[in-house]
Colleague: 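Mind looking over this structure? Questions follow.
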Amino acid sequence: MKQAEKDAIPNRAGDLQRLILQAQQHGVRDQAVLTAIGQVPRNLFVPKDLAKASFEDTPLPIGEGQTISQPAMVALMAEASCLSSDDNVLEIGAGSGYGAAILRTLAARVTTVERIETLASQARTTLKQCGFDDVDVAVGDGTLGWPENAPYDAIIVTAAGPSAPLPLIRQLKTDGHLVMPVGRKHYQQYLMRFTRQSSNDKTPRVHAEKLMAVRFVPLIGEHGF
Ligand code: SAM
């Protein structure tokens, strides 16, 4: 077999192992999260011509001016959410569906909201192809959350907003985490973890932690940009 033909054969186990190592190099230690990164075939969530690049630790374009997040960042956000296997999780920004697949590997129920209909439809198809039939992919303004399936143990937002949207805090269970990038459009953003501390629905008390500097596409919507 010629070298070019050999190169064309995806070495999935090796490639996925590389993603695990890259996540570990970014400080991810949660074994369940690392196992999930090693199980979800990221190559199937990107356009075909980017399949080879999908095992690099980098964001990639998925159309409509949007990106699939860097895998190590997906892992860091999942780890920061402190998920348990029976959790009910909401993701805002379905994009390719990759993050939702990782979350569904870690939790019992996943709803993901995407504002761009074509991306939501493609994400739904890919998730089904990969066996994640029970992930709810909804279309709408995720800054309003998804009250139908609330309350959530954790909410992960994959686009950067100016602040934590109140509807998301209200849809969290007490002690639940909202993990999201907060800052300015395109720069000076920090990954934040907000933990709901009270059951008062009108003005829930929240503990905020700054985790790291990040860069994400903008969260567009009523409680976004
Ligand atoms: N989780 C995605 C993945 O695994 O491919 C990455 C998503 S990308 C970094 C951020 C996504 O957030 C984009 O697809 C964008 O359209 C979406 N988005 C931005 N504002 C939104 C909003 N208010 N509601 C829902 N989705 C939103």
Side-chain angles (χ1 to χ4, degrees), residues 19 23 33 36-37 39-47 50-51 53-78 80-81 83 89-107 110-127 129-130 132 135-149 152 154-168 171 178-186 189 191 214-225:
L19 289 186
V33 171
I37 291 288
Q39 282 177 353
V40 177
R42 190 172 186 248
N43 53 313
L44 301 183
F45 289 83
V46 298
L50 294 177
S54 69
F55 296 109
E56 302 302 326
D57 189 31
T58 172
L60 291 169
I62 53 169
E64 307 287 347
Q66 303 302 323
T67 52
I68 181 173
S69 303
Q70 177 191 358
M73 184 52 62
V74 175
L76 283 163
M77 290 174 84
S81 309
L83 300 174
V89 178
L90 175 67
E91 180 193 47
I92 306 303
S96 67
Y98 175 72
I102 295 289
L103 294 174
R104 180 61 188 90
T105 308
L106 295 164
V110 175
T111 306
T112 183
V113 185
E114 173 55 55
R115 60 180 282 274
I116 301 175
E117 188 146 11
T118 49
L119 291 181
S121 160
Q122 181 60 51
R124 207 175 282 123
T125 304
T126 313
L127 283 163
Q129 271 169 3
C130 296
F132 297 98
V135 171
D136 273 342
V137 182
V139 178
D141 176 4
T143 69
L144 303 173
W146 199 257
E148 286 90 325
N149 296 345
Y152 300 101
I155 302 179
I156 290 106
V157 183
T158 69
S163 59
L166 188 55
L168 298 188
Q171 287 168 39
L178 163 63
V179 174
M180 77 172 277
V182 174
R184 304 176 74 165
K185 234 185 195 176
H186 301 298
Q189 303 168 354
L191 187 64
V214 289
R215 192 161 179 186
F216 276 81
V217 295
L219 181 69
I220 312 285
E222 197 174 319
H223 298 265
F225 288 108

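In each ligand, atom 1 is the first atom listed, and ligand 1 is the first ligand listed.
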Colleague: Rounded to the nearest 0.5 Å, what separates atom CG in Leu191 from atom CZ in Arg215?
Modeller: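 If I round to the nearest 0.5 Å, the distance is 15.5 Å.
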Colleague: Counting both backbone and side chain atoms, is some N or O of Ser69 under 3.5 Å from an N or O of ligand 1?
Modeller: no
Colleague: Could you tell me, atom by atom, which parts of ligand 1 come under 4.0 Å of a heavy atom of Ile116?
Modeller: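 Going through ligand 1 atom by atom, the ones under 4.0 Å from Ile116 are 16 (O).
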Colleague: Between Arg115 and ligand 1, which part of the residue brings a heavy atom under 4.0 Å of the ligand: side chain, backbone, both or neither?
Modeller: both
Colleague: Report yes if the side chains of Pro71 and Phe55 come closer than 4.5 Å at any heavy-atom pair, otherwise no.
Modeller: no
Colleague: If you define the side chain from C-beta out and look only at heavy atoms, does anything of Ile156 sit under 4.5 Å from Leu103?
Modeller: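 Touching, per the 4.5 Å side-chain cut-off.
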Colleague: Which bit of Pro59 is near ligand 1, meaning a heavy atom under 4.0 Å away: side chain, backbone, both or neither?
Modeller: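 None of Pro59 does.
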Colleague: Would you check if Arg42 and Ile68 make a side-chain contact, meaning some heavy-atom pair closer than 4.5 Å?
Modeller: yes
Colleague: Stepwise, does the side-chain hydrogen bond (donor to acceptor under 3.5 Å, both in side chains) test hold for Gln122 with Thr126?
Modeller: CA-CA 6 Å; Gln122 181 60 51; Thr126 313; 3.2 Å; yes
Colleague: Looking at Val137, is its backbone amide N or carbonyl O close enough to the side chain of Arg124 to form a donor-acceptor pair, meaning the two atoms are under 3.5 Å apart?
Modeller: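 Indeed, once roles are kept as given, a pair shorter than 3.5 Å links the two residues.
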Colleague: Heavy-atom distances under 4.0 Å are what count here, so tell me which part of Ala94 touches ligand 1: side chain, backbone, both or neither.
Modeller: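 It is the backbone that touches ligand 1; the side chain stays farther off.
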Colleague: Taking both backbone and side-chain atoms of Ile92, is any N or O found less than 3.5 Å from an N or O belonging to ligand 1?
Modeller: no
Colleague: Return yes when Pro218 approaches ligand 1 closer than 4.0 angstrom through a heavy atom, no otherwise.
Modeller: yes
Colleague: Give the atoms of ligand 1, by number and element, whose distance to some non-hydrogen atom of Gly140 is under 4.0 Å.
Modeller: 24 (N), 25 (C)
Colleague: Would you mind listing which atoms of ligand 1 come within a distance below 4.0 Å of any non-hydrogen atom of Thr67?
Modeller: 6 (C), 7 (C), 8 (S), 9 (C)
Colleague: Which bit of Leu219 is near ligand 1, meaning a heavy atom under 4.0 Å away: side chain, backbone, both or neither?
Modeller: both
Colleague: Which ligand 1 atoms, with their elements, are less than 4.0 angstrom from a heavy-atom of Ser96?
Modeller: 3 (C), 4 (O), 5 (O)
Colleague: Heavy atoms only, cut-off 4.0 Å: how does Thr112 contact ligand 1, side chain, backbone, both, or neither?
Modeller: neither
Colleague: If we only count heavy atoms from C-beta on, is the Thr105 to Phe132 side-chain gap below 4.5 Å?
Modeller: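 Yes - at least one pair of side-chain heavy atoms lies under 4.5 Å apart.
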Colleague: Just to be sure I read this right, does ligand 1 sit under 4.0 Å from the backbone of Glu91, its side chain, both, or neither, counting only heavy atoms?
Modeller: side chain
Colleague: Enumerate the atoms of ligand 1 whose separation from the nearest heavy atom of Ile68 is less than 4.0 angstrom.
Modeller: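 Within the 4.0 Å cut-off of Ile68, ligand 1 contributes 5 (O).
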Colleague: Please check whether Gly142 reaches ligand 1 - meaning an N/O of the residue sits under 3.5 Å from an N/O of the ligand, judged on distance alone.
Modeller: yes
Colleague: Does a side chain donor of either Glu64 or Thr118 reach within less than 3.5 Å of an acceptor in the other side chain?
Modeller: yes
Colleague: Counting each atom of ligand 1 from 1 as listed, which ones have a heavy atom of Tyr98 under 4.0 Å away?
Modeller: 4 (O)
Colleague: Checking the N or O distance criterion of under 3.5 Å, is ligand 1 in contact with Gly99?
Modeller: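 Right, the criterion is met.
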Colleague: At less than 4.0 angstrom from any non-hydrogen atom of Thr143, what atoms of ligand 1 do you find?
Modeller: 23 (N)
Colleague: Test your reading of the structure: does Ile62 have an N or O sitting under 3.5 Å from an N or O of ligand 1?
Modeller: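 No - when backbone and side-chain N and O of Ile62 are compared with those of ligand 1, no distance drops under 3.5 Å.
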Colleague: Can you list the ligand 1 atoms lying under 4.0 Å from a non-hydrogen atom of Leu119?
Modeller: 14 (O)
